[in-house]
Amino acid sequence: MIRLNSFFKSFGYKKVLRSLDILVESGEIVTLIGNNGTGKTTLLRCISTLDSPDDYDVAEIDDYDLRSYSEEVRSRIGYLPHNPPFYPELTGFENLLFWLQMNSVSDADSKARRMLAKVGLISVSDDFSGNYSSGMVQRLGFAIAISHNPTTLLLDEPFTGLDSEGIEIMEKLLKKIKDDGCSVLLVSHDSPSYSDRTLKLDRGGIS
Amino acid sequence: MNPIQILIKKELKVEFRSLQGLVASAMLSFMILMTMRFSLTDLVLVENSGVLWASILLTGLSFVTHISTRDSERGTSDLLKLMPISRYQLFLGRMFGSMFLLWILILETMKNM
């Protein structure tokens, strides 16, 4: 569950997020839409603890405060950024294995293979990720985001660069994750049909 | 496995496959040693004055800088920062990874001196 109250973030003089209030319940998919530069990605980066907010009354993931319990929060979050970063010298399997091992997931080897099969990358799992197409990178990013069974999933334009098969796979996995009780905050330009609510971010607040 | 060990293993794997940092640092180390060797006529001065250690220190600094810069440029620093480990463990993992690579470089240099 994501709970934000009076959440502020600025870059220098530019106030990006102003007194933002958001609540995403467990098992809910919420789509966040808004024009470019309205702070959608900044919000996801703040929730994932990559950026620190200026101030807030409440900022919690499953009742864990973002600042006080940042490691616990990170272990509960799966984050797919707009351009997922990987080590090009490592294969897709090795990148995923590294992530799983760092998240202390047991039986990481077989879990990594299973996840790659789920996102349709098993045939290229031993290829270097530096040779992947943008769609493959997006699939690998999604596999990494959901592989450690997070309770909160943050997706920044997850369907960018994906073919129809990739979108279908991702949507199917998203629905399953939702049924398992995961809170999903999805940044997109349009709201998908399976989204429970759509919020519009405008001038740093929900309109 | 401990997160620091996993990080070290990853650093070694990435470096041995790209060789970017190793080659650049070897060149830097070689240049420093050659400059000192030609500047000082007495070879004993080079061997006993700590010049070798100064070159190792400078090379080590370049190694750490290289790894940090590479992660920032690729965005993989964000991937590391998303992991549920403390910044302290992250720093130690990178530092020990660089130190391992540096020792490999030192041993190779010593072997060929």
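Just the heavy atoms: all of them, side chains too, but no hydrogens, waters or symmetry mates, feed the values below. A, B, ... follow the sequence lines: proteins, then strands. Residue 1 opens every chain. This one's a predicted model, so the numbers in the text were calculated from it and none came from an experiment.
In this structure a side-chain-to-backbone donor-acceptor pair under 3.5 Å is missing from A:R18 to A:S6. Without hydrogens or angle criteria, A:S195 side chain to A:S191 main chain gives no donor-acceptor distance under 3.5 Å.
Contacts between A:E94 and chain B at a heavy-atom distance below 4.5 Å involve the side chain alone, from C-beta outward.
The greatest number of non-hydrogen atom pairs below 4.5 Å with chain A, out of B:K10, B:K9, B:K81, is found for B:K10. Note: B:D78 leads B:L7, B:D78, B:D71 in heavy-atom pairs under 4.5 Å with chain A.
Using a cutoff of 4.0 Å between basic side-chain nitrogens and carboxylate oxygens, A:R76 and A:E72 are scored as salt-bridged.
Once rounded to the nearest 0.5 Å, the distance linking OG1 of A:T31 with NE2 of A:H189 reads 12.5 Å.
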